[in-house]
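Shown next, in structure tokens, is the structure this report addresses.
When reading the values below, keep in mind they use all heavy atoms of this one structure, side chains included, and skip hydrogens, waters and symmetry mates. Quantities reported herein were computed from a predicted structural model and do not represent experimental measurements. Within every chain, numbering begins at 1; the chains are lettered A, B, ... in the order of the sequence lines, protein sequences first and strands thereafter.
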Amino acid sequence: MLDIKKIRENSELVLKSLHQRSTEYTLEPIIDLDRQQREIQLVRTELQAKSNEIGKLVGQKMRSGANPQSEEIISLKQEGNDAKAKLAQLEPREKELKAKVESLLLELPNLPSKTTPVGKSESDNVEVRRWGDEYIPEGSNFLSHDQIGEKLGIIDSERAVKVSQSRFVALVGAGAALERALINFMLDRQIEAGYVEVMPPVLINSDSLQGTGQLPKFSEESFKCDKDDLWLTPTAGVPVTNFYRQEILRAEEVPIRHCAYYPCFRREAGSYGKDMRGLIRLHQFNKVELVKIVHPDTSEDEHQKMVKDAEAILQALKLPYRVLELCTGDIGFSAAKCYDLEVWLPEANTYREISSCSNCLDFQARRANIRFKEKGKKGTQFVQTLNGSGLAVGRTMAAILENYQQPDGKVKVPDVLQPYLKQDVLG
RNA sequence: GGAGAGAUGGCUGAGCGGUUGAAAGCGGCUUCCUGCUAAGAAGUUAUGGGUUGUUAAGGCCUAUCGAGGGUUCGAAUCCCUCUCUCUCCGCCA
């Protein structure tokens, strides 16, 4: 959520920044409603003060033994009633205005960081660096990972569709083992890098989704359990960040760094026909997520480190990738700055997203009301939140199957996974 | 699923409808004191919104005792609705 004070005082700058994302945004209604609300509040609190004074006065008189039926008391009560009648007119209007401002604020995305490249779409994203060209497999006639998976009998799409529906897969035998090995490997590495593992609930409430920015605007993208105000989580960033919702942390407690293995659920509404085969775009997929809750002064630094932590997994697996910095038109709703890691897929002859590391600054912290208090400083400050994938497990498996395929149809197991899988070749 | 209990500040825990934003204790902070440590003394100690002020310090108003309504001149306290937590029984991995 954006700071309403900032919108009030620097509306032009804020609007300019929002327009770097898209020109659809306007601030006029918010500014107007906010001004009205404050005008009413001014009158209302004055009336309230008067009413409180009357209340106190009556209390004093009663305590010192005044007759409740005395003219003085009766007239004071009347005065109190008058004030209350006026309040009853103002209060609902103010409340309504406040709610409108709030709901408009919740619909506004984060402002892009000053360093985020300006652009309209993904084609304007900027390649920051590239790694592992020497590991790009030579040759042609590569099989796609889903072909390899079906051939080896480790990915079973048909049966998954039978028990569920399209965009779900089942892993069998070495496929399931590979998924499990990847999860363990990724977690072990990230724990080593200083992240504390958590296993949060998968069904989470609406407040949590609002806290990280999935609601109210993107309800179409998550699965909901209608009877319960519970949702299937689209990413672990939601529950892990919301761990600290409505909390005031001590400054010494940050940075908090968490990693989590987590099944993610997405409706993928509006992507019909896209990536229908294989492990790339599923309604359910596993991810190892990285989340940081940090002091504003260290957040840029922590962001860079988070990207490095995600890259370290790809490097350990010797999978070629590139790092993109997303442009203002392509960064997510809550993000101010975002790097994507894209892994090389030989069959498609292209790079595909496998991790996305966002710095949300105080945007989510405001929505979720996560603050910290510094010793000696008065008041509280908002923390800053970051989240990134380290990595998407299914897509990692796809990349391994494709990059490690051998001419004989078998798939070599990356060195670092061999201790986990206890074999060096699949097939 | 059945029966019951409860939700108060960083924590524990009081609170007859009337200066209660809230006793007390613990913890935290500041100062003083003792040769250090330990101990002791005094003071201080929530968060948000508005307004004023130099985008300061501070002042003033207001709200907040799980959430939302209601009664009342006045609600932490009474009434209603909801949410959550806990205990016992049943069922269950």
Side-chain angles (χ1 to χ4, degrees), chain A residues 1-14 30-31 33-102 105 199 201-211 225 227-231 239 242-254 296 362 365-383:
Chain A
M1 189 152 60
L2 300 181
D3 185 356
I4 183 70
K5 281 184 201 158
K6 195 167 169 182
I7 293 178
R8 249 180 237 154
E9 287 157 22
N10 292 304
S11 59
E12 272 181 41
L13 275 175
V14 172
I30 285 192
I31 291 171
L33 291 167
D34 171 63
R35 189 181 39 74
Q36 290 183 43
Q37 183 266 316
R38 277 181 301 143
E39 276 169 15
I40 293 181
Q41 181 177 354
L42 206 61
V43 181
R44 198 214 74 222
T45 52
E46 230 170 83
L47 260 167
Q48 194 63 254
K50 195 178 160 199
S51 163
N52 288 349
E53 215 175 301
I54 294 168
K56 266 182 202 169
L57 203 60
V58 175
Q60 271 171 10
K61 303 234 182 243
M62 300 285 269
R63 281 191 116 194
S64 53
N67 177 2
Q69 301 307 322
S70 70
E71 225 167 276
E72 196 185 13
I73 299 288
I74 303 262
S75 90
L76 274 173
K77 280 191 184 182
Q78 188 51 49
E79 228 180 301
N81 272 329
D82 291 348
K84 207 172 73 166
K86 284 184 203 155
L87 279 170
Q89 289 190 320
L90 294 178
E91 267 173 352
R93 280 197 57 206
E94 193 194 344
K95 222 175 237 184
E96 198 184 322
L97 286 165
K98 236 179 174 161
K100 271 190 191 157
V101 171
E102 168 91 3
L105 275 178
M199 272 204 190
V202 174
L203 293 182
I204 58 171
N205 57 37
S206 298
D207 284 347
S208 296
L209 283 152
Q210 183 174 299
C225 309
K227 285 189 174 174
D228 300 291
D229 183 36
L230 287 171
W231 303 70
N242 276 282
F243 246 46
Y244 302 99
R245 177 151 44 86
Q246 299 288 355
E247 288 194 28
I248 299 174
L249 304 165
R250 283 174 284 117
E252 314 87 78
E253 288 179 86
V254 298
D362 62 358
R366 278 180 196 281
R367 291 180 158 242
N369 198 20
I370 308 173
R371 293 168 290 169
F372 72 98
K373 200 178 172 83
E374 253 170 325
K375 251 185 204 165
K377 273 197 186 176
K378 65 164 207 130
T380 58
Q381 305 172 62
F382 287 106
V383 299

Using Watson-Crick or G-U wobble geometry with both distances below 3.5 Å, tell me the partner of rG43(B), or none. rC29(B)
Nucleotide rU72(B), atom P - distance to CD1 of I73(A) in whole Å: 17 Å
Quick tally for nucleotides 47-53 of chain B: nucleotides whose base has a protein heavy atom under 4.0 Å get B, sugar-phosphate-only ones S, the rest -, giving SSBSS--
Look through every strand shown and name the nucleotide pairing with rG53(B) as Watson-Crick or G-U wobble, where both distances are under 3.5 Å. none
Whole-Å distance separating the CD atom of Q78(A) from the C1' atom of rC73(B): 10 Å
Looking only at heavy atoms, what is the nearest atom pair of S208(A) and R245(A), with distance? OG-NH2, 2.8 Å
For I204(A) and N242(A), run side-chain contact (heavy atoms from CB on, under 4.5 Å): C-alpha distance rounded to whole Å, both residues' side-chain angles, the deciding distance at 0.1 Å, then the answer. CA-CA 10 Å; I204(A) 58 171; N242(A) 276 282; over 6 Å; no
Salt bridge check, E96(A) against K100(A): does any charged N sit closer than 4.0 Å to a carboxylate O? yes
Complement of rC36(B), any strand, by Watson-Crick or G-U distances under 3.5 angstrom: none
Under the salt bridge (Lys or Arg N to Asp or Glu O under 4.0 Å) definition, can you give me all pairs with a residue in residues 70-87 of chain A, not counting sequence neighbours? K61(A)-E72(A)
Here the pair of heavy atoms bringing Y244(A) nearest to L249(A) is CD2-CD2, 4.0 Å
Results of side chain to side chain contact (heavy atoms under 4.5 Å, CB included) for L203(A) - residues two or more places apart only: C225(A), L230(A), L232(A)
Given atom CD of E71(A) and atom P of rC73(B), what is their separation to the nearest angstrom? 17 Å
Grab the NZ-P distance between K77(A) and rC73(B) for me, whole Å please. 6 Å
Just how far, in rounded Å, is P of rG18(B) from CE of M62(A)? 11 Å
Using both distances under 3.5 Å as the test, list the Watson-Crick or G-U wobble partner of rC65(B), or none. none
Tell me, for nucleotides 77-84 of chain B in 5' to 3' order, what letter each nucleotide earns: B for a base near a protein heavy atom under 4.0 Å, S for only sugar-phosphate near one, - for neither? --------
In whole angstroms, how far is the C1' atom of rU71(B) from the CG atom of N81(A)? 12 Å
For residues 44-54 of chain A, which residue pairs qualify under side chain to side chain donor-acceptor pair (under 3.5 Å), counting only residues two or more places apart or in two chains? R44(A)-E94(A)
rC73(B) phosphate, OP1 or OP2, under 4.0 Å from N52(A) side-chain N/O: no
As its Watson-Crick or G-U partner within any shown strand, both distances under 3.5 Å, rG21(B) has none
Taking rC61(B), rU19(B), rU72(B) as options, the one with an atom nearest any side-chain atom of Q60(A) is rU19(B)
Who pairs with rC92(B) - Watson-Crick or G-U, where each distance is under 3.5 Å: none
Can you tell me how far P of rC73(B) sits from CD of E72(A), to the nearest Å? 16 Å
Watson-Crick or G-U wobble mate for rG4(B), both contacts under 3.5 Å: rC86(B)
Spacing between E247(A) atom CD and rG9(B) atom P, to the nearest angstrom: 14 Å
Kindly give the atom pairs (protein nitrogen or oxygen, nucleotide nitrogen or oxygen) under 3.5 Å for nucleotides 66-69 of chain B.
from: rG69(B); atom 1: OP1; to: K95(A); atom 2: NZ; distance (Å): 2.0

